[in-house]
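Okay, structure first, notes after.
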Amino acid sequence: KKNGKDIIRSHPWKRPCDKVYDMPLVSNIREMTDLLTGDLRIDEEDLKRININLLKNIAEVYPSTNVRILYKTVKRII
């Protein structure tokens, strides 16, 4: 089955989205950048390689401010 939700469920970026979803509220892009590159140790070059459209789709599925800020952060970095 290849609908959008199945693809999202198995995508490697779902795990960081899950992690960000479960964390205390991040209030802005700067905090999210610090969280990603510091606490989660995700290299900025890896962020530049993400499929932004897929991350947008993930952000639309999650009912989370943090995941939406994650999307906005990565969009700004790339």
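One is the number of the first residue; the rest follow in order along the sequence.
With values rounded to the nearest 0.5 angstrom, Ile58 atom CD1 is found 12.0 Å from Ser64 atom OG. Rounded to the nearest 0.5 Å, atoms CD (Glu45) and NZ (Lys48) are 4.5 Å apart. For the atom pair CE (Met32) and OG1 (Thr37), the distance works out to 11.0 Å, reported to the nearest 0.5 Å. Between atom NZ of residue Lys72 and atom CZ of residue Arg76 there is a gap of 9.5 Å, rounded to the nearest 0.5 Å.
In the model, Thr33 has no side-chain atom that pairs as donor or acceptor with a side-chain atom of Arg30 under 3.5 Å.
Shown here for Tyr21 and Pro63, the closest heavy-atom pair between the two residues is CE1-O, 4.0 Å. For the pair Cys17 and Leu70, the tightest heavy-atom approach, listed with the atom from each and the gap, is SG-CD2, 3.7 Å. For Tyr62 against Arg68, the heavy-atom pair with the smallest separation is O-NH1, 4.1 Å.
For the pair Asn66 (side chain) and Pro24 (backbone), a donor-acceptor distance under 3.5 Å is present.
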Does Asn57 form a side chain to side chain contact (heavy atoms under 4.5 Å, CB included) with Val61? I'd like the steps, not just the answer.
CA-CA 6 Å; Asn57 290 338; Val61 172; 5.7 Å; no

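The only member of Leu35, Leu47, Ile50 that meets side chain to side chain contact (heavy atoms under 4.5 Å, CB included) when paired with Ile42 is Leu47. Looking at Ile69, Leu55, Asp46 one by one, the single match for side chain to side chain contact (heavy atoms under 4.5 Å, CB included) with Val74 turns out to be Leu55.
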